[in-house]
Amino acid sequence: MSAPTVDAPAAPRAGMRFVVEGPPVGALWRRALTRAVLVPLPVLAPLVALAPSRDHRFNLYWHGGLFRDDPLRIVPHTVDSLPGYLRLGNFRLFGRMLEKALDTAAYALSEVLGLPVNVGLRLVSFLSAVVLCVVAVLLAESVVARGRLFRRAPSTVAAVVPFAVAAGFVAAGGSSPIVLFGGLYLASAALVLGVTAALCRVDPAKPLRWWWVPLLLVGGAALAAFNEIAYLALPLATVAVLARGRLVLELPFGRLFTTAPARAVGLLWVGFLPVFLAVRVVIQRYCSAGNCYKGSDVRFGPETLEAFPVRAIAWLPPLAWDAAAPRGSWLGGLVLLGALGAIGWPAWRAIRDLPRLSQVGRRGALALALTAGTLVLLGAGMGSLNADVQQLVSSGRWGYGWRDSAVTTTAGALLLVALIHFVRKRVAAVLVAAVVIFAMAATVSAAANKRQRDIAMTNPAARLADRIAVEMADFDPTPAGATRRCALRADFVRLHPDSPFSLRRFDESLEIASRQRADVAFCPGVTG
């Protein structure tokens, strides 16, 4: 006689499906990083043909002509120019090398593709923006994750950050890093975040290796010789390492300052401070005579205290939208619809991935909020010390960008994402809403950028820069080409009759580029 059968409960099909059919960790990471690469591009795309302005009108041709055939010459050229720059109030040894390298890359890219150099300039700055967005995701994950970074699924932070960061990529005025020196300042901001992320990933359970010591000392000195934005890396890393150690790793106070990450930060400070202090003393002596370049001078006073709270919120996208498009309508048109489609698809994929991502607790969210909030305050403090920024604030132009915007916009985005993760009720709905809202904000930023380009190109100087870029892209060494180039120079003289310095820079930079392109003068008998 056989034993009676017993009906067992059905297996949890949904649970099995997640285990068997769910994407592996590597696939989730690839999707997260792909979104960080793709989302900024439709936001920035309307600016791809924006004409260069200010120093970039000349530097692209000057640096490109000088270094296109000998990039290694950038190093001695920059070292030789240091005394002059110190007298003007800035140092930026490695920052200037990076600037020249990026200008040369834009010039060479335009030459290879047969495109105007302003397109090459924007493509290089777009690449820096993409790198910054990717590094922002890695920094957020480096703070909130307890163990190995790529051995676990990315957190829900990684699903939201690309849209929040991309929403801040707004061309908020002529001094915004999205418009002016974008490649340099966005790459510098990526350096700040990257250094912090790397220090957060140092294992506190292992001793600091001896051969790291000289590398960290040299690294600290290199940060002091980079530029003003790079100065923010060490105070940010100090806060991030301590916040992660205490809140995420739950280290006792006794061990917090003796672990390998804390010691690595300390060694960077030891390498950084002697160079930083020596340079600042030299610059202060030059600036006390009133000969410094205003964009590099430090001015502390009542205007600083007035500017600080404004710069601490100037990164908010609604303020930046108004600065980018102060007149006319920009909410509409094909750009808005195109951006909605281009950003909507990654947003939908991010929402689908949310249930499979790692959750972030309140302690991790607090550590990220402290890190991001610190960088917002550091960037605002740096900006508020500048006379140009103080003038922007006093004239009521709150949302206008400056070089501090490269860090405050990204840090502000990380801060908002961290604060969202404090919500504990209806978490799934809140995260979906966050992705949708930031994706919509990024779409609006794309439309504002299009309007900003339209406004900028009504300027005769911008139209002339565009014509020069087209002429240099399709360089004609014949007498007919020389006649056209001389006519462009005559237009430049008419636009800038009282600026012999600008004319001298025009002649010098375009002559160098013309010689590099075809070994002929830009305007025979005048520049050559």
Exercise for the section: List the steps and the verdict of side-chain contact (heavy atoms from CB on, under 4.5 Å) for Leu375 and Thr408. Expected result: CA-CA 7 Å; Leu375 186 54; Thr408 54; over 6 Å; no
Problem - Interatomic distance, Leu249 atom CG to Cys200 atom SG [nearest 0.5 angstrom] - result: 9.0 Å
Problem - Heavy-atom pair with the smallest gap, counting every atom of Ala323 and Ala172 - result: CB-CB, 3.9 Å
Practice task
State plainly whether the residues Arg311 and Glu306 are in salt-bridge range, i.e. N to O under 4.0 Å.
Solution key: no
Handout entry: Contact check, side chains of Ser188 and Leu184, non-hydrogen atoms, under 4.5 Å
Key = yes
Exercise for the section: Kindly state each residue pair satisfying ring-ring contact (aromatic ring centres under 6.0 Å, His included) with at least one member in residues 138-189, sequence neighbours excluded. Expected result: Trp29-Phe150, His56-Phe181
Practice task
Take Gln359 and Thr156, measure what side chain to side chain donor-acceptor pair (under 3.5 Å) needs, and give me the verdict at the end.
Solution key: CA-CA 6 Å; Gln359 299 300 309; Thr156 51; 4.8 Å; no
Practice task
Please answer whether the main-chain N or O of Leu50 pairs with a side-chain N or O of Arg122 as donor and acceptor at a distance below 3.5 Å.
Solution key: yes
Exercise for the section: May I have the step-by-step check of side-chain contact (heavy atoms from CB on, under 4.5 Å) for Leu357 and Ser155, ending in yes or no? Expected result: CA-CA 5 Å; Leu357 302 181; Ser155 73; 5.8 Å; no
Problem - Which atom of Leu60 lies closest to which atom of Tyr107, heavy atoms considered - result: O-CD1, 3.6 Å
Handout entry: Flag side-chain contact, heavy atom, 4.5 Å: Val144 against Val248
Key = no
Problem - Trp321-Ser445 side chain donor-acceptor pair, cut-off 3.5 Å - result: yes
Problem - Distance (rounded to the nearest 0.5 Å) between Arg152 CZ and Leu28 CG - result: 11.0 Å
Problem - Working for side-chain contact (heavy atoms from CB on, under 4.5 Å), residues Val79 and Met97 - result: CA-CA 9 Å; Val79 172; Met97 290 183 187; 4.3 Å; yes
Practice task
Hey, could you give me the CG/CD distance between Leu33 and Glu141, rounded to the nearest 0.5 Å?
Solution key: 9.0 Å
Problem - Partners meeting salt bridge (Lys or Arg N to Asp or Glu O under 4.0 Å) with Arg246 (sequence neighbours left out) - result: none
Problem - Test item: Ser175 and Arg54 side chains (from C-beta on) under 4.5 Å apart, heavy atoms - result: yes
Handout entry: Nearest heavy atoms of Pro204 and Pro261, plus distance in Å
Key = CA-CD, 3.7 Å
Problem - Which residues share a side-chain contact (heavy atoms from CB on, under 4.5 Å) with Ile420, sequence neighbours left out - result: Val430, Leu431, Ala434, Phe438
Handout entry: Listed once per pair and sorted, the side-chain hydrogen bond (donor to acceptor under 3.5 Å, both in side chains) pairs that draw on residues 208-221, sequence neighbours left out
Key = none
Handout entry: Backbone of Gly95 reached by a side-chain donor or acceptor of Asn227 within 3.5 Å
Key = no
Exercise for the section: For the residue pair Leu336 and Leu340, establish whether any side-chain heavy-atom pair is separated by less than 4.5 Å. Expected result: no
Handout entry: Spacing of Leu98 atom CG and Leu93 atom CG [to the nearest 0.5 Å]
Key = 11.5 Å
Fill in the blank from the handout: Residues Trp398 and Ala314: closest non-hydrogen pair is O-CB, 3.1 Å
Practice task
Give the ring-plane orientation class for Phe272 versus Phe276, where under 30° counts as parallel, over 60° as perpendicular and anything between as tilted.
Solution key: parallel
Handout entry: side-chain contact (heavy atoms from CB on, under 4.5 Å) between Leu232 and Val407, intermediate numbers included
Key = CA-CA 9 Å; Leu232 309 182; Val407 291; 4.0 Å; yes
Exercise for the section: Using modelled atom types only, decide if a donor and an acceptor are shared between the side chain of Arg363 and the backbone of Val360 within a distance under 3.5 Å. Expected result: no
Handout entry: With sequence neighbours excluded, residues passing salt bridge (Lys or Arg N to Asp or Glu O under 4.0 Å) with Arg30
Key = none
Practice task
Check whether any side-chain heavy atom of Tyr231 lies under 4.5 Å from a side-chain heavy atom of Met382, and answer yes or no.
Solution key: no
Exercise for the section: Go through the side-chain N and O atoms of Trp315 and Thr410 and say whether any donor and acceptor fall under 3.5 Å apart. Expected result: no
Fill in the blank from the handout: Here the gap from Leu242 atom CG to Leu370 atom CG, rounded to the nearest 0.5 Å, amounts to 10.5 Å
Practice task
Write down the atom of Gly373, the atom of Leu415, and the distance for their closest heavy-atom approach.
Solution key: N-CD1, 4.2 Å
Exercise for the section: Output yes when a side-chain donor or acceptor of Asn449 lies under 3.5 Å from a complementary backbone atom of Leu47, and no otherwise. Expected result: no
Practice task
May I ask you to check whether Thr304 and Gln390 show a side-chain donor-acceptor distance below 3.5 Å?
Solution key: yes
Problem - Gln391 side chain reached by Arg397 side chain, heavy atoms, under 4.5 Å - result: yes
Exercise for the section: Mark yes or no: Arg96 above the aromatic ring of Tyr85, with NZ or CZ under 6.0 Å from the six-membered ring centre and no more than 45 degrees from the axis. Expected result: yes
Problem - Heavy-atom neighbours of Trp269 CH2 exceed 12 at 6.0 Å - result: yes
Handout entry: Under 3.5 Å: donor-acceptor pair, side chain of Ser176, backbone of Gly173
Key = no
Practice task
Answer whether the closest heavy-atom distance between the side chains of Leu267 and Leu208 falls below 4.5 Å.
Solution key: yes
Handout entry: Listed partners of Lys450 passing salt bridge (Lys or Arg N to Asp or Glu O under 4.0 Å), at least two apart
Key = Asp454
Exercise for the section: State, with a plain yes or no, whether a side-chain heavy atom of Val48 is found less than 4.5 Å away from one of Leu123. Expected result: yes
Practice task
Might you point out which heavy atoms bring Asp203 and Ala205 nearest each other, and give the distance in Å?
Solution key: OD1-N, 2.9 Å
Handout entry: Pair Asp353 + Arg35: basic N to acidic O under 4.0 Å
Key = yes
Practice task
Calculate, to the nearest 0.5 Å, the distance between atoms CG and CG belonging to Leu44 and Leu186 respectively.
Solution key: 8.5 Å
Practice task
Would you check if the side chain of Arg244 reaches a backbone N or O of Ala145 as a donor-acceptor pair within less than 3.5 Å?
Solution key: yes
Handout entry: Salt bridge present between Glu99 and Arg92 (N-O < 4.0 angstrom)
Key = no
